[in-house]
Every structure is written in C-alpha cells, then in structure tokens.
There are 2 protein chains.
Amino acid sequence: MAQKITLKKIAKDLKVSISTVSKALRDSHEISMETRDKIKEYAREFNYKPNSIALSLKNQKTKKIGIIIPEIVHHFFATVISGVERVANEKGYQVIITLSGESFDKEVVNMDMLANGSIDGFIMSLSKETMEKQDFHHLREVTNQGMPVVMFDRVSNDISCDKVIIDDVAAGHEATEFLLRKGRKRLGIISTVDYVNVGRLRSQGFKQALQQRGFEVEDRQFLKIEDIDSCEKDIENFVVNNNFDAIVAVNELFAVMASKALQKAGKKIPEDVAIVAFTDGILSKFASPTLTTIGQNGEEMGGVAAAILIEKLESKNHDNEIYETVIVKTTLIERESTP
Amino acid sequence: MAQKITLKKIAKDLKVSISTVSKALRDSHEISMETRDKIKEYAREFNYKPNSIALSLKNQKTKKIGIIIPEIVHHFFATVISGVERVANEKGYQVIITLSGESFDKEVVNMDMLANGSIDGFIMSLSKETMEKQDFHHLREVTNQGMPVVMFDRVSNDISCDKVIIDDVAAGHEATEFLLRKGRKRLGIISTVDYVNVGRLRSQGFKQALQQRGFEVEDRQFLKIEDIDSCEKDIENFVVNNNFDAIVAVNELFAVMASKALQKAGKKIPEDVAIVAFTDGILSKFASPTLTTIGQNGEEMGGVAAAILIEKLESKNHDNEIYETVIVKTTLIERESTP
DNA sequence: ACATTCTACGAAAACGTTTTCGGTAAAAGA
DNA sequence: TCTTTTACCGAAAACGTTTTCGTAGAATGT
C-alpha cells in the first residue's frame with residue numbers, strides 16, 4: 001500500500017530540493033540545523049532507507065559478493081558459506097549464492113548472470129565437470145574484466161587468482177602417518193577420480209607416507225569413486241575383499257559406508273580396521289562408531305576467502321596483480337574409529 | 001584491464017547514438033539491417049552484457065529473491081535453499097541468502113538490508129528468538145511496503161502472507177500412529193520448547209494419536225529441549241530412565257542421540273525400542289541403525305515457496321490480498337529403527 | 001558605502017538502461 | 001512538382017542517488 005519513499009518524495013513534500021534532502025540526511029554542514037532536523041524527522045517517520053540499487057549504480061559497486069559452489073546440501077560447502085557470510089556481513093557485504101550442481105554449463109551461466117554488475121567479486125569452488133573438461137574460459141573472461149575471484153577447495157593452477165585451500169597432500173600424509181603410528185600396516189584409501197584435485201592430492205599424500213615408511217604401494221590399495229550415488233557396492237567390495245587393517249576416506253560419506261560394510265562383514269572398528277575420514281561434519285560426530293577425521297575448517301576457509309576478496313575490493317591500486325594462496329590448517333580430530 | 005563495455009562506449013566507437021545501439025541490440029525494426037549488424041557484431045566481439053544494476057533501477061525490479069534462514073549448516077534448510085534456487089533460476093531469478101543465526105536482531109538487520117531495493121521479495125523461516133519474542137514488526141514493515149513475503153516451516157499466524165508448511169500435527173500423529181500399529185505401548189517424544197511451532201505441533205499430534213487409542217498421556221512422556229548444544233545428557237536420562245518401547249524425535253539429531261544412548265544402555269533397536277525421527281537427512285540414512293523418518297521434502301518446500309513468490313511478483317494486480325498456505329506432503333520412510 | 005566572506009540552498013551531471021517522441025531525409029503517391 | 005508516407009535515427013526523460021558547482025542574500029570587514 002504505502003508507496004516507496006524516496007528523496008524526491010521527501011523533497012516535494014517539504015518543498016525543498018532533492019540535494020537539500022540528501023545533504024540533510026548525511027548531516028552536511030551546508031544545511032541549517034532547522035531544515036536538517038525537519039528533514040530527518042520526516043525521513044524517520046516515513047522510514048526512509050536509501051535505495052541500494054541507485055547507490056550501486058552511482059558508486060559502481062554493489063557491496064555484494066557472489067558464491068558459486070557445486071552443491072549446498074553438503075556439510076563442507078554449507079560451512080564455507082557460513083564463514084563467508086559471517087565476515088561479509090561484518091564488513092557490510094551481502095552474499096549471493098548460486099549452485100552449479102557439478103555442471104559446467106550451469107557454472108558458466110551463473111557466472112555470466114552475476115558478472116554483469118550484480119556483484120563486486122566471486123568466491124567459488126569448481127564443479128566436477130569443469131575440472132574434468134579443464135575449460136576455464138568463463139573464469140578468464142571475468143578476471144580479464146578486472147573482477148576479483150577467490151577460489152577455494154576445488155581450485156585450478158591454470159587460472160591465476162587468490163586461492164584458499166588446505167594442503168591436501170600434507171593432510172593425506174598426516175592421516176596415513178597417524179594410522180601407521182598406531183601400528184597399522186595394511187592400508188587402503190577410498191578417493192575420488194583423479195581429476196578432482198582434492199582426491200588426487202590426498203591420495204598422493206597417502207602414497208608418500210607409506211613410501212617414506214618403506215612400504216610397497218600397490219594399485220589395489222586405491223579405490224577411486226566416480227559416481228557418488230552408486231558407490232556403495234564398490235566400497236563394500238573394496239573394504240571386504242582386501243584384508244585392510246586401516247582405511248583412509250577422502251570424505252565422511254565414503255568413510256561411513258566403509259564402516260558399515262565392515263561391521264556387516266563382522267569386523268570390529270577400530271580393533272580390526274581403523275578409519276580416518278576427511279571433512280569433520282555431522283556424520284563423523286554421530287556415526288557408530290564416531291569417526292576420526294581430518295577437519296577442513298570450512299568455516300575458516302570461507303571467512304578467509306571473504307576477507308581476501310573484500311581486501312582486494314577495497315584496495316586502491318586496482319592493478320595489483322599479486323595473488324596469494326592461503327593454506328588453511330587442518331585439524332585431526334580423534335574419535336572412536338581409531339584406537 | 002579491459003574496461004567494462006557499455007552502450008555509451010559502443011555508441012561512441014561506432015559514432016551513433018546510445019538509443020540506436022540499444023534498439024539495434026534488441027532487434028528493433030527502427031534500425032536498418034546494416035547498422036544493426038554492425039552494432040551487434042561489435043557488441044559480440046567485446047562481449048557486451050547489459051548492466052543488471054541499471055536495468056534494476058530502470059525497471060524497478062531486481063529479479064532477485066532474498067532468503068532469510070536461521071542456519072545453513074542444517075540439512076533441512078540446505079535442501080530448501082536448493083529447491084528455491086532451482087525454480088528461481090528456471091524463471092530467471094537469483095537468490096540472495098542471509099543467515100539470522102537464530103538471532104532476532106540479525107534477522108531484523110538482514111531484512112532491512114535487503115528491503116531497500118536489493119530484492120523483489122522474501123522467502124524466510126523465523127529465527128528461534130523471533131518466535132520467542134513474538135515480535136514481527138520487521139515483517140509488517142516489509143509487507144506494508146507491498147513487498148511479498150513467503151514463509152516456510154517456522155511461520156507465524158500473526159503475520160498474513162503466503163506460507164509453505166507441512167501439517168506438523170498430522171505428521172506427529174502419523175509417526176505416533178505408525179508406532180502404535182507396530183504394537184508399541186510406552187511412547188516418549190523428544191521435542192523442542194513450545195514456542196518453536198513445529199515442536200509444539202508435532203507434540204500435539206503425538207498426544208492426539210495416543211488419546212485416540214485410549215492411552216493416558218503423562219508429562220513424563222515429553223522432553224522439551226531448549227538448547228541443542230547441551231542436550232545430550234538430558235536425552236540420555238530421558239530415554240534410559242523411562243521404560244519406553246518407542247521414541248518419536250522431532251529431528252534427526254535428537255533421534256540419533258537417543259539411539260546411541262539406548263544402545264549404550266544395552267537396549268536393542270528396534271527390538272527393545274523403536275525410533276521415528278523427523279527430517280530425512282543424511283544422518284537418518286547413515287546412522288546405525290538407519291532411522292525411520294518423516295521426510296519433510298525440503299527441496300519441494302523451497303520449490304513451492306519460490307513458485308508462489310514469483311507468481312505473486314509477476315501478477316499484474318498488485319493489490320491481491322489473498323494469501324494461501326500450501327501444505328507439503330510428508331513422507332514416511334521406513335528404515336531399520338522400526339520393526 | 002563598498003568589497004568580501006559566509007550561510008544555505010538549488011541546478012545539474014553522472015551511473016547505464018529503455019522508451020517515447022520528434023525529426024530529417026528519401027521514397028512514394030498525386 | 002508538391003504532398004504524404006516511410007525508413008532511420010537522435011534527444012531526452014526516467015529510475016534514485018551523491019556531489020560539484022553556482023548563487024542569492026546576509027553578515028562581516030574596512
């Protein structure tokens with residue numbers, strides 16, 4: 001019902017000019033106390049709030065940052081968003097979220113939609129399909145326009161921008177070494193296909209840790225999941241048919257599937273088989289047994305990514321071509337799945 | 001590096017007027033084929049995309065919808081967002097997300113930030129604190145301005161707008177009746193404090209179902225959780241000290257806590273105690289045993305909410321004061337926690 | 001009494017679009 | 001040849017701000 005109240009309307013009602021109203025509301029000394037008070041009271045009464053679209057147009061900045069992630073129904077990404085949102089809000093920015101659904105085309109479309117002035121900068125994690133195709137033209141297009149991009153988790157070396165990651169190799173190494181120190185000798189890893197960098201790198205750390213201890217590393221120790229929706233049988237076969245005494249899983253889901261399959265086969269966890277998972281989500285805390293995990297601190301990653309992006313947005317010299325890669329520390333959280 | 005390309009720039013480079021460029025790009029017959037082609041090719045070459053901020057200002061609509069939810073690291077809300085995003089994107093809308101963190105003040109601040117022209121309409125679920133205070137002035141303010149609001153899940157009868165909910169009473173009834181039909185006689189329910197409507201209503205359904213079957217209902221059958229972070233002990237006491245043979249829990253977390261406490265106490269599930277949970281999330285699928293749940297179909301709720309909102313946004317007669325409340329069907333999913 | 005400095009305000013441009021309204025020239029009609 | 005239509009294009013307003021500049025009148029200085 002009540003019309004949107006604008007400077008123009010206030011000006012007309014109070015019989016002053018638009019500039020006077022604008023200045024009065026910003027407490028300009030150019031306007032007499034008398035008129036200032038009159039205008040401010042009127043504005044308060046009618047609950048005037050400056051139109052943010054007009055401000056965006058005028059200032060050539062939107063105070064919004066765009067996030068593109070593969071999925072939101074995924075604990076890790078949800079925590080990252082939570083972190084982004086926290087620091088963004090602190091600094092007066094809003095967060096626009098779009099989902100690629102692991103699809104390259106949707107990623108491109110969403111980027112295009114946001115890159116036309118809707119936002120000031122991007123925070124994103126690549127879709128699986130994008131990593132497979134290795135096609136980054138949409139990212140180049142955006143960065144070439146001078147719009148800052150911060151990538152996290154699923155990043156690419158082919159594109160130069162700020163990045164926030166964990167040291168996946170070191171984390172894979174740490175998980176493995178942790179199990180080895182517990183005296184385990186027959187290790188297996190459940191990972192993703194190699195083009196997903198986090199899976200590849202964690203596997204690499206796994207391999208390194210074993211080799212440093214003088215173990216032979218064979219292909220049968222590696223299971224690489226392609227499709228997350230139909231991997232249950234594969235995981236069951238993998239853990240039951242190989243006489244492992246410890247399993248590393250690159251995410252919670254794989255870990256809990258392995259855990260269940262092993263228990264079904266009569267194995268005891270952690271006595272017979274120990275398990276270390278990645279991503280310290282809700283599953284790890286409430287599975288039976290609870291899972292020892294390498295926490296990725298998604299909240300922190302999101303916060304750091306947002307801080308870097310905003311820093312860049314508000315820095316004066318725009319041609320600052322120095323990009324940083326922040327490595328967020330992982331945290332090993334011991335629970336029941338390891339002795 | 002490369003400057004943002006605008007109509008003005010194209011016009012200058014091609015020595016025509018801005019209007020000509022605009023018309024040419026929209027294939028106006030007022031412009032000759034020759035100039036049209038020239039302009040369109042130039043635009044394509046420099047990858048011109050109309051500035052969405054300018055369009056928003058001109059059209060007085062942003063094609064963005066704002067979501068305010070208590071938490072994103074929560075499977076149900078994540079699925080709702082996913083649903084909203086899906087249908088919003090289909091219709092050319094973008095989604096802006098803000099988190100209240102269950103805080104009234106943050107909810108108000110975020111609403112104010114978005115209500116100043118940033119978005120065309122709201123989809124929201126109330127924070128716990130808001131429900132406790134019963135203070136809805138921020139919602140009134142927004143709806144009075146003529147901005148459509150669609151509430152879901154945590155709604156209030158005090159505010160008139162479109163709503164998308166499940167029939168919580170019926171769902172509580174269904175869960176209870178399901179257990180009764182399985183022959184269970186000593187039921188308990190783990191719920192939230194009463195000012196959270198979903199907890200209250202589901203408890204109500206629980207009570208009704210028991211009474212219809214002629215059972216006495218006592219207070220000791222109800223546990224009402226206030227603080228989700230420190231409820232583990234309460235739940236353990238509740239389920240262990242009362243000789244229940246069946247438990248209804250208003251969310252997954254409570255259910256899995258109950259399940260673990262019971263197993264620790266030597267009870268078998270579902271033989272000794274059966275459990276039905278609400279919210280068909282990841283925990284229900286992977287807990288041990290897996291949980292029978294009442295699925296709230298969050299994805300669908302989000303989709304419906306978005307559809308209603310967009311419908312309202314695009315309807316011509318703006319003074320349409322008829323609000324609907326859509327009830328999304330729940331789905332009982334049987335798993336191992338019930339016989 | 002005249003020049004100068006304040007005080008208090010308004011006009012207008014700019015951000016990037018779309019659209020309405022004219023307007024000029026050439027083509028068509030008479 | 002003169003008028004009317006048509007094809008093609010530009011000027012300007014509008015969306016809601018902020019900000020620069022200009023200026024009228026009052027106050028101050030000499």
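These numbers come from the heavy atoms of this one structure, side chains and all, not from hydrogens, waters or symmetry mates. Protein chains get the first letters and strands the later ones, always in sequence-line order, with residue 1 at the start of each.
For the pair A:Pro70/A:Arg154, a side-chain contact is recorded, criterion being any heavy-atom separation below 4.5 Å from C-beta on. Using a 4.5 Å heavy-atom threshold, the side chains of B:Leu99 and A:Asn89 count as separate. B:Tyr93 has its side chain within reach of B:Asp120: a pair of non-hydrogen atoms, C-beta onward, lies under 4.5 Å apart. By the 4.5 Å heavy-atom criterion applied to side chains, B:Val80 and B:Asp153 are not counted as neighbours. Taking the side chain as every heavy atom from C-beta outward, B:Met111 and B:Leu139 approach each other to under 4.5 Å. Looking at A:Met151 and A:Lys163, their side chains come closer than 4.5 Å, going by heavy atoms from C-beta outward.
Below 30°, between 30° and 60°, or above 60°: for A:Tyr42 and A:Phe46 the angle between ring planes is between 30° and 60°, a tilted geometry.
Distance CE (B:Met33) to P (D:dC9): 12 Å, rounded to an integer number of Å. For B:Arg26 and C:dT17, the CZ to P distance is 11 Å, given to the nearest whole Å. Rounded to whole Å, the distance from CD1 on B:Ile31 to C1' on C:dT19 is 12 Å. Spacing between atom CG of A:Leu7 and atom P of D:dT19 amounts to 12 Å, rounded to whole angstrom units. The interatomic distance linking B:Lys63 (NZ) with C:dT18 (C1') rounds to 16 Å, in whole Å. Distance NE2 (A:His29) to P (D:dT20): 12 Å, rounded to an integer number of Å. Here the P atom of nucleotide D:dA11 and the CD1 atom of B:Ile18 are 9 Å apart, to the nearest Å. One can place NZ of A:Lys61 at 15 Å from P of D:dT18, the figure rounded to the nearest angstrom.
Between the side chain of B:Asn197 and the main chain of B:Ser156, no donor-acceptor pair closer than 3.5 Å is present.
The stretch residues 35-60 of chain A comes close to DNA chain C through A:Thr35, A:Leu57, A:Lys58, A:Gln60, each having a heavy atom under 4.0 Å from the strand.
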**Q.** Working for side chain to side chain contact (heavy atoms under 4.5 Å, CB included), residues A:Lys64 and A:Leu114
**A.** CA-CA 10 Å; A:Lys64 298 195 199 334; A:Leu114 289 178; over 6 Å; no
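Residue side chain A:Ser19 reaches the base of C:dA11 through a donor-acceptor N/O pair under 3.5 Å, judged by distance alone. Side-chain to base pairing of B:Lys23 with D:dG10: one donor and one acceptor N or O lie within less than 3.5 Å of each other.
B:Lys61 NZ: 12 or fewer foreign heavy atoms inside a 6.0 Å radius. Counting heavy atoms of neighbouring residues, nucleotides and ligands inside a 6.0 Å radius, atom CD of B:Gln134 exceeds 12 of them.
Salt bridge annotation for A:Arg86-A:Glu299: present, with a cationic side-chain nitrogen under 4.0 angstrom from a carboxylate oxygen.
Recorded end-axis angle for the helix from C:dA1-D:dT30 to C:dA30-D:dT1 stands at 70°, based on five pairs per end and rounded to 10 degrees.
For the pair A:Ser22 and D:dT18, the criterion of a side-chain N or O lying under 4.0 Å from OP1 or OP2 is met.
Out of C:dG10, C:dC9, C:dC21, the shortest distance to the side chain of B:Glu30 is found at C:dC21. Across C:dC9, C:dT18, D:dG10, the shortest atom-to-atom separation from the side chain of A:Ser32 is found for C:dC9.
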Please enumerate all protein N or O atoms sitting under 3.5 Å from an N or O of nucleotides 23-27 of chain D, with distances to 0.1 Å.
none

